[in-house]
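In the text below, chain A, chain B and the rest are named by the order of the sequence lines, each starting its count at 1. All figures in this text were calculated on a predicted structure; none of them were measured in a lab.
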2 protein chains.
Amino acid sequence: MFSKACEYGIRASTYIALKSLEGTRVSLKEIADKIDSPVAFTAKILQQLSKKQIIESVKGSLGGFQISQSNISQIKLAQIVYAIDGNNVYEGCGLGLKRCNSNEPCPVHDKFIQIRADLKEMLESTSLYDMTMGLEEGLTHLKR
Amino acid sequence: MFSKACEYGIRASTYIALKSLEGTRVSLKEIADKIDSPVAFTAKILQQLSKKQIIESVKGSLGGFQISQSNISQIKLAQIVYAIDGNNVYEGCGLGLKRCNSNEPCPVHDKFIQIRADLKEMLESTSLYDMTMGLEEGLTHLKR
DNA sequence: ATTAAATAGGATAATTTTGTCCGATTTGTA
DNA sequence: TACAAATCGGACAAAATTATCCTATTTAAT
């Protein structure tokens, strides 16, 4: 569904959001540890997300990553997926055809349309805040 | 969503089904040409599908690939996807967690469950015959 | 100033996926 | 039997993705 990079990106953003809600900035090391991801690779992904202004990075000692309170509720999963994987998930034919649309459909075009739409709707309606909801109470987790 | 190999596999199987309905066996070359896929790579995929008895291969001169009439209507997309990509599409956490289930869910577990279920339902209910329906009349295509 | 802790970013490596090449084998036909 | 047309299968190559390493830079604290 998503690339590894994207999966790490969503998990990392969610963890950063969780800690930002508590008012603390988190380091790359802590993030990678808490979401069980390779440190250096995670760093690259966080750089991407930082450039796209989905998360904020603070350099230097006491630096780390954080997300503003307003962004925690406004940033949707769709934006993270788009920032890392582009629009392949939403567009892009299920059978890999470049030219596939309602006028010139592949045999499963119409059936995929609906599933993609549901996925899109889900990603566009789920905020980072929503993602953190179950985490505090241990109802959900981000590791392994 | 699916690997390239799987996309080629579905397109190839659909084309073979189409021609088998007309009573003709097709060669690797023709298949690759008609679905616009790399010849040698397609050969590997057809081998897999042949071993899983989704398609039949006939060696030697006048050889090629075909699908029995009964299989054209009985083989579902789900079987092709499973033969090539395994069960990652159906199972496998949306965020890449190994341990993610209803007892220990990731933050999007429940939301993914529904989308995956719809995808599964679609793949399990669409036969190769269904795939060929629009092809003859040119309503759908498999190329590019 | 110096040091320590942190991110930034370029280069490189490992792995997986995708794709190619070529000889071996099978089979129909002359 | 010889040949041609086809798949089979192993080895290899290329490309994309995932992951690591190392140096530079930034910043806080001493």
Side-chain angles (χ1 to χ4, degrees), chain A residues 1-13 15-16 19 24-67 81 83-86 88-89 92 95-96 98, chain B residues 1-13 16 19 24-33 35-67 81 83-86 88-89 92 95-96 98:
Chain A
M1 189 85 79
F2 306 132
S3 68
K4 280 273 176 200
C6 189
E7 292 173 354
Y8 294 147
I10 294 174
R11 279 152 62 193
S13 299
Y15 183 72
I16 298 169
K19 299 303 276 189
T24 63
R25 184 182 296 160
V26 280
S27 73
L28 168 64
K29 274 186 193 172
E30 180 179 344
I31 295 167
D33 181 58
K34 297 296 184 174
I35 71 170
D36 203 51
S37 68
V39 179
F41 189 47
T42 305
K44 303 293 185 192
I45 298 160
L46 294 181
Q47 276 179 46
Q48 286 186 66
L49 293 176
S50 169
K51 281 177 185 163
K52 297 274 174 68
Q53 305 190 336
I54 288 169
I55 65 179
E56 296 165 36
S57 82
V58 178
K59 293 183 197 173
S61 174
L62 300 196
F65 297 89
Q66 62 194 20
I67 307 179
V81 171
I84 300 175
D85 280 352
N88 330 36
V89 182
L95 300 186
K98 286 166 195 160
Chain B
M1 188 87 78
F2 307 132
S3 68
K4 279 276 174 198
C6 189
E7 292 173 354
Y8 294 147
I10 294 174
R11 280 152 61 192
S13 300
I16 299 168
K19 300 302 277 187
T24 64
R25 185 182 296 159
V26 280
S27 72
L28 168 63
K29 274 186 193 172
E30 179 179 343
I31 296 167
D33 181 58
I35 72 170
D36 203 52
S37 67
V39 179
F41 190 45
T42 304
K44 304 292 186 192
I45 298 161
L46 294 181
Q47 276 179 44
Q48 286 185 66
L49 293 176
S50 169
K51 280 177 185 163
K52 297 275 174 68
Q53 306 190 336
I54 288 170
I55 66 179
E56 296 164 37
S57 82
V58 177
K59 294 183 198 172
S61 173
L62 301 196
F65 297 90
Q66 61 194 21
I67 307 180
V81 172
I84 299 174
D85 281 352
N88 328 37
V89 182
L95 301 186
K98 286 166 195 159

Would you say [N] has OP1 or OP2 under 4.0 Å from some side-chain N or O of [X]?
X        : N       : answer
Ser50(B) : dT7(D)  : no
Lys51(A) : dG9(C)  : yes
Ser61(A) : dT26(D) : no

[atom1] of [X] versus [atom2] of [N]: gap in Å, rounded?
X        : N       : atom1 : atom2 : value
Lys29(A) : dA5(C)  : NZ    : C1'   : 8 Å
Asp85(B) : dT18(C) : CG    : C1'   : 13 Å
Lys59(B) : dT26(C) : NZ    : C1'   : 6 Å
Ile45(B) : dT18(C) : CD1   : C1'   : 9 Å
Glu56(B) : dC8(D)  : CD    : C1'   : 17 Å
Leu46(B) : dG9(D)  : CG    : P     : 13 Å
Phe41(A) : dG10(C) : CZ    : P     : 17 Å
Glu7(A)  : dT17(D) : CD    : P     : 14 Å

Using the closest heavy atom to pick a nucleotide of DNA chain C for each, name whichever of Leu62(A) or Gln47(A) lands nearer the 5' end.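 The residue whose closest nucleotide sits nearer the 5' end is Leu62(A).
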
Would you say the base of dG10(D) and the side-chain of Lys44(B) have a donor-acceptor pair closer than 3.5 Å? yes

Can you confirm whether [X] sits close enough to [Y] that some side-chain heavy atom of one is under 4.5 Å from a side-chain heavy atom of the other?
X        : Y        : result
Lys19(A) : Lys34(A) : no
Ser57(B) : Leu46(B) : no
Leu49(B) : Phe65(B) : no
Tyr8(B)  : Lys4(B)  : yes

Spatial distance of atom CZ (Arg11(B)) from atom CD1 (Ile31(B)) [nearest 0.5 Å]: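 Between atom CZ of Arg11(B) and atom CD1 of Ile31(B) there are 12.5 Å.
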
Minimum-distance nucleotide (side-chain atoms of [X] versus [options]):
X        : options                  : answer
Lys4(B)  : dT18(C), dA8(C), dT18(D) : dT18(C)
Ala40(B) : dC21(C), dT7(D), dT18(C) : dC21(C)
Tyr8(A)  : dA29(D), dT7(D), dA19(D) : dA19(D)
Phe65(B) : dG19(C), dT18(D), dT7(D) : dT7(D)

Just to be sure I understand the rule, does Gly60(B) reach a base, reach only the sugar-phosphate, or reach nothing, if contact means heavy atoms closer than 4.0 Å? base

